[in-house]
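First up is the structure itself, then whatever we jot down about it.
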Amino acid sequence: MTSHTLEAFADWRQAHQELDLCLILGNHDRKLTDALHNATGLAPLHELREGPFYFCHEPCEEHTYSLGGHIHPGVRLGGRGRQTMKVPCFWFRETGGVLPAFGPFTGLGLIAPQAGDRVYLVGRPGGVGGFT
């Protein structure tokens with residue numbers, strides 16, 4: 001997390017103080033626990049259990065239903081020719097859900113959904129993006 005990102009998050013938090021938030025640390029945030037707390041007033045957590053849900057950074061199948069990230073799920077789409085495009089997605093399985101990356105510099109981990117999985121593609125304003 002850059003100082004610009006931390007500042008932008010602190011500004012957003014200031015504008016939305018009425019929200020009851022929890023901040024789950026990602027692998028790039030763990031060294032910033034004190035800075036995040038000082039900037040936002042939030043006490044960052046490594047995990048959170050809330051009802052039947054387990055919120056964590058890395059997907060974990062040991063719990064009832066985990067919601068995590070880390071692998072930055074994406075799928076590859078193909079066009080009529082040889083053009084392809086990688087698209088971020090939400091990936092929901094019987095044991096948990098994996099959230100897409102929320103930034104353009106994180107890359108994608110291409111997934112292989114199984115029968116029964118649900119995948120929701122994330123589009124960009126003005127279209128999904130360009131084919132390569």
Side-chain angles (χ1 to χ4, degrees):
M1 180 179 286
T2 67
S3 60
H4 175 70
T5 303
L6 184 59
E7 183 180 320
F9 182 50
D11 291 346
W12 182 88
R13 178 64 181 143
Q14 181 67 31
H16 298 88
Q17 292 182 25
E18 74 282 2
L19 298 177
D20 183 18
L21 299 176
C22 292
L23 178 63
I24 306 297
L25 293 172
N27 55 307
H28 298 284
D29 306 325
R30 293 191 174 128
K31 295 179 181 177
L32 299 172
T33 302
D34 291 337
L36 284 164
H37 178 69
N38 293 337
T40 66
L42 297 172
L45 305 170
H46 292 283
E47 63 183 22
L48 173 68
R49 290 186 174 105
E50 185 73 34
F53 301 107
Y54 176 75
F55 298 93
C56 50
H57 177 65
E58 295 186 41
C60 177
E61 296 184 4
E62 298 173 17
H63 303 279
T64 303
Y65 195 87
S66 70
L67 287 170
H70 187 67
I71 64 171
H72 310 157
V75 294
R76 184 183 304 275
L77 304 177
R80 291 184 186 194
R82 292 186 179 191
Q83 65 275 67
T84 64
M85 171 173 64
K86 293 180 187 176
V87 180
C89 65
F90 290 85
W91 180 25
F92 295 100
R93 301 170 292 164
E94 185 176 325
T95 57
V98 185
L99 308 176
F102 294 107
F105 302 110
T106 55
L108 294 176
L110 295 178
I111 62 169
Q114 304 297 311
D117 291 359
R118 293 180 312 269
V119 175
Y120 300 92
L121 304 183
V122 177
R124 297 184 182 111
V128 178
F131 282 95
T132 59

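Because only heavy atoms are used, hydrogens play no part in the values below, and waters and symmetry mates are left out as well, while side chains stay in. Keep in mind that what you see is a predicted model, and the values were worked out from it rather than measured.
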Exercise. Are the side chain of Glu47 and the backbone N or O of Leu45 linked by a donor-acceptor pair below 3.5 Å?
Worked result: no
Exercise. Going by heavy atoms in the side chains, are Phe90 and Leu99 under 4.5 Å from each other?
Worked result: yes
Problem set entry | Considering all heavy atoms, the nearest Leu108-Pro73 contact | CD2-O, 3.8 Å
For this session: Might you point out which heavy atoms bring Glu50 and Phe55 nearest each other, and give the distance in Å?
Result: CB-CE1, 3.8 Å
Seminar exercise, completed: Applying side-chain contact (heavy atoms from CB on, under 4.5 Å) to His70 and not counting sequence neighbours gives Asn27, His57, Glu58, Pro59
Problem set entry | Gap separating the CZ atom of Arg76 from the CG atom of Leu110, nearest 0.5 angstrom | 5.5 Å
Exercise. Taking only residues two or more places apart in sequence, or in another chain, which ones meet Leu121 in a side-chain contact (heavy atoms from CB on, under 4.5 Å)?
Worked result: Val75, Leu77, Val87, Cys89, Val119
Problem set entry | side-chain contact (heavy atoms from CB on, under 4.5 Å) partners for Leu42, two or more places apart | Phe9, Arg13, Leu21, Leu23, Thr40
For this session: In sequence, state the C-alpha distance, the side-chain angles, and the governing distance for Ile111 and Asp117, and then conclude on side-chain contact (heavy atoms from CB on, under 4.5 Å).
Result: CA-CA 11 Å; Ile111 62 169; Asp117 291 359; over 6 Å; no
Exercise. Which residues satisfy the salt bridge (Lys or Arg N to Asp or Glu O under 4.0 Å) test with Arg93, sequence neighbours excluded?
Worked result: Glu61
For this session: Search all heavy atoms of His37 against all heavy atoms of Pro44 and return the closest pair with its distance.
Result: CB-CD, 4.2 Å
For this session: Keeping to residues at least two apart or across chains, list the salt bridge (charged side-chain N to carboxylate O under 4.0 Å, His left out) pairs with something in residues 36-45.
Result: none
For this session: Under the side-chain hydrogen bond (donor to acceptor under 3.5 Å, both in side chains) rule, collect the residues that match up with Gln17, sequence neighbours excluded.
Result: Gln14
Problem set entry | Gap between atom CH2 of Trp91 and atom CZ of Arg118 - 0.5 Å precision | 13.0 Å
Exercise. Honestly curious: do Leu67 and Tyr120 fall in one hydrophobic cluster under the side-chain, below-4.5 Å linking rule?
Worked result: yes
Seminar exercise, completed: Of all heavy-atom pairs linking His16 and Trp12, the shortest is ND1-O, 2.8 Å
For this session: To the nearest 0.5 angstrom, please state how far the CG atom of Leu48 sits from the NE2 atom of His46.
Result: 13.0 Å
